[in-house]
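Take a look at the structure below.
Fair warning: this is a prediction, and the values are worked out from it, not measured in the lab. Both backbone and side-chain heavy atoms feed into the values below; hydrogens, waters and symmetry mates do not.
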Amino acid sequence: MSQFWKPGTERAEGRVVDDEEGGVLFLCGSRYGHASIEKQRQRLPVFKYRTAILYLVETHATTVIVGETGSGKTTQIPQYLNEAGWAAGGRLIACTQPRRLAVQAVASRVAQEMGVQLGEQVGYTIRFEDVTNPDVTVLKFLTDGVLLREMMDDPLLTKYSVIMVDEAHERSISTDILLGLLKKIQRRRPELRLIISSATIEAKSMSNFFCMRKKRQEPENKEHGLQVEPAILSVEGRGFNVQINYAEEPVQDYVQAAVSTVLLIHEREPAGDILVFLTGQDDIDAAVQLLNDEIQNTGKHSSGLIVLPLYSGLPRAEQELVFSPAPRGKRKVVISTNIAETSLTLEGIVYVVDSGFSKQRFYNPISDIENLVVSPISKASARQRAGRAGRVRPGKCYRLYTEEYFLNHMSNEGIPEIQRSNMVSCVIQLKALGIDNILGFDWPASPSAEAMIRALEVLYSLGVLDDDARLTSPTGFQVAEIPLDPMVSKMIIASSQLGCSEEIITIAAVLSVQSIWISGRGIQKESDEAKLRFAAAEGDHITFLNVYKGFHQSGKSSQWCHKNYVNYHAMRKVVEVREQLKRIAKRIGLVLKSGENDMQVVRIAVTAGFFANACHLEAYSHNGMYKTLRGSQEVYIHPSSVLFRVNPKWVIYNSLVSTDRQYIRNVITIDPSWLLEAAPHFYQLQQSNHLLR
DNA sequence: GAGCACTGC
């Protein structure tokens, strides 16, 4: 192994908190810390940890907490705050997480530690689930997205006295919006305490973001006698040391290199499971195949390996396999996407193999296309991946890249999601919160001007924003209330006027889940045939209505789904989303009505939201080439669509995926005259001549 | 005749 692998030099890479910075309280060092920090650090007993946190919260408007897995910050800090009386006077302490499962897990653990019933003093709120009691709940755990929704009714979050934002370093869109808004709220509510929990490497930039003093236009905070500079507090976790090994030479083929590394670990290292990080299904299937071939060919050499793939698209039952412990004398190898980096935690992992890559979404505001691209990960991600090896005992991490690359070429943080995404939903959310100057909003990381302008254009064309970029009434406010892409929301509002909202809400719910079909190798033929049973000549949206109707008539039966190659879990989610959408529709004054069997009116409602995605079949095109009306891009109907090879003259699509060709997915036929009715301002006279030609 | 990193309201 020494021929290939070189141990890391274990320096204090990226460590940003230091006692020389002043105002930094060291509770203890980091396991990555170097010798000088080790010497100076003090190990304080737990009661001082509590005292320190309370002191910081009493004296600092914002406190940035850094710490490692198992440091207890997520569960203990809320309890300390509660004991210190921050929840007195009917005020609440809120703690956000980016994921639903984490919210549930943390809330139930805190309730258990406090010896109270979940949903009483300690509760949680996630989409579709509110386990709180307004009269007695003092500690409330929630997803950051839910807190953002709450701000639409209560922009200053007046019922909370402390807000803790956990996992802020992950920089999800919701977290970034929330951080920007919290900074703004703090000017109006100087008594509000913020606790930002972040990975060490991000602590300094979080602290800088919340530092009021830097902005000259904010001198009034001194009047409140608060220290305006955020404090940074570091806590130690219970994680074990992970020895980092780097490739000696740059790796040409990371799938092959990952496979070789797994075999070497298996041959030379003591018992313990292996977790391999690759980028996606293709890589993973290839690696699984290579490993299994190796096991067959070499017999004894690699026996005792159990190879398991893991990615979110895998059927539920196969995903469950990775959680069961390996039988005695066997070693489990889990080959995974990023899902195992944050969303799932596997026990028993001692060795991590890190390819250094992941798939990331990138949005191009000029072409308005989102792409999935294999990209290098950040140091923060690399460290998170390595940490997965140290949960049960000291572990080892094998990085399939050189140390020189890690130190000198890998970026610290990675590009925040907000700079890689379409801004349409984000802009309408800020507008609804009364942020007028969208382009001047103080973000932790600013989205590109092009993306913001494109979003404003789209919202204007939908009639959601007026000439002064303010929300229109009622459409703009209604669209903002619906937790979906604004084009889908607009379609729902139109359906209320057209008298087919029951059908359109079903379509909106289906479009909001990944796929309602079961797919997989070996069942393509059967599932295609099953799909034909529901296929509608009008296109995919109407096909979805047929599936939902069948599911509903079966009594929402899982057997029915199984028989028809329909994904039962997805359909359950459709039902849940549909119910939520109906509640919201009623609240904002929409009419719930079925169009009965009139599918034309349903297609007109779809056009009202998605007119910008109209395409027409190229004349004399023999291979089904379409061109988009806006932009004249060449696109093709995706083979998964019921309209594939049918090639009607005029269609509208829901989404565009870009691979070797541009494919349009979820496609429906339209009459071009509807475009002019839906958006006369969008399709000007010139285009209308073209349309009628 | 293809292809789906991962969340979330």
Side-chain angles (χ1 to χ4, degrees), chain A residues 96-103 125-130 142-152 167 170-178 277-285 310-315 336-344 355 357-362 370-375 377 381 384 414 417 420-421 425-426 428-429 432 480-486 488-489 508-509 512-515 517-521 524-525 527-528 567 570 573 576-577 580-581 583-584 623-624 636-646 655 657-665:
Chain A
T96 74
Q97 290 282 334
R99 281 172 291 277
R100 294 159 50 87
L101 270 176
V103 169
T125 307
I126 55 181
R127 189 184 188 183
F128 308 130
E129 230 182 307
D130 183 9
L142 66 176
T143 45
D144 37 24
V146 168
L147 192 61
L148 283 177
R149 284 280 154 193
E150 285 190 4
M151 287 178 78
M152 286 174 63
E167 313 285 9
E170 286 186 25
R171 308 300 300 275
S172 72
I173 290 180
S174 294
T175 303
D176 271 12
I177 300 176
L178 187 60
F277 285 104
L278 295 180
T279 63
Q281 189 175 343
D282 281 353
D283 283 357
I284 290 169
D285 289 345
L310 177 64
Y311 42 86
S312 80
L314 212 58
S336 172
T337 60
N338 255 4
I339 194 170
E341 193 179 305
T342 50
S343 304
L344 291 180
S355 65
F357 290 95
S358 71
K359 274 192 188 169
Q360 289 183 29
R361 186 178 51 205
F362 283 91
E370 282 185 337
N371 255 330
L372 267 185
V373 185
V374 174
S375 321
I377 61 169
S381 270
Q384 173 77 14
E417 195 186 4
R420 298 184 278 113
S421 307
S425 297
C426 189
I428 194 165
Q429 219 164 354
E481 284 282 325
I482 302 172
L484 296 171
D485 182 290
V488 181
S489 305
S512 78
V513 304
Q514 294 246 332
S515 170
W517 307 107
I518 291 177
S519 58
R521 286 181 305 280
Q524 281 146 330
K525 196 164 158 279
S527 66
D528 278 2
N567 183 331
K573 177 108 188 282
E576 228 172 8
V577 173
Q580 187 196 27
L581 292 177
R583 277 197 305 275
I584 293 169
N623 59 350
Y636 297 84
I637 293 180
H638 195 275
S640 66
S641 169
V642 298
L643 294 182
F644 178 68
R645 282 203 285 231
V646 176
S655 63
V657 292
S658 183
T659 54
D660 44 331
R661 271 183 177 183
Q662 317 265 38
Y663 285 106
I664 54 178
R665 292 175 72 176

Self-check item: Counterpart residues, side chain to side chain contact (heavy atoms under 4.5 Å, CB included), relative to A:Val513 (two or more places apart)
Solution: A:Ile516, A:Ala570, A:Lys573, A:Val574

Quiz item: Sequence neighbours excluded, which residues qualify as salt bridge (Lys or Arg N to Asp or Glu O under 4.0 Å) partners of A:Glu576?
Solution: none

Quiz item: A:Glu417: what forms a salt bridge (Lys or Arg N to Asp or Glu O under 4.0 Å) with it, not counting sequence neighbours?
Solution: A:Arg361

Quiz item: Should B:dC4 be called syn or anti, with syn set as within 90° of 0?
Solution: syn

Practice problem: Report which part of the nucleic acid A:Asp528 touches: base, sugar-phosphate, or nothing (heavy-atom distance under 4.0 Å, all strands). | Solution: base

Practice problem: Identify, with sequence neighbours excluded, every residue that meets salt bridge (Lys or Arg N to Asp or Glu O under 4.0 Å) alongside A:Arg420. | Solution: none

Quiz item: Tell me, for nucleotides 3-9 of chain B in 5' to 3' order, what letter each nucleotide earns: B for a base near a protein heavy atom under 4.0 Å, S for only sugar-phosphate near one, - for neither?
Solution: BBBBBSB

Quiz prompt | Sequence-distant partners of A:Asp144, salt bridge (Lys or Arg N to Asp or Glu O under 4.0 Å), two or more places apart | solution = none

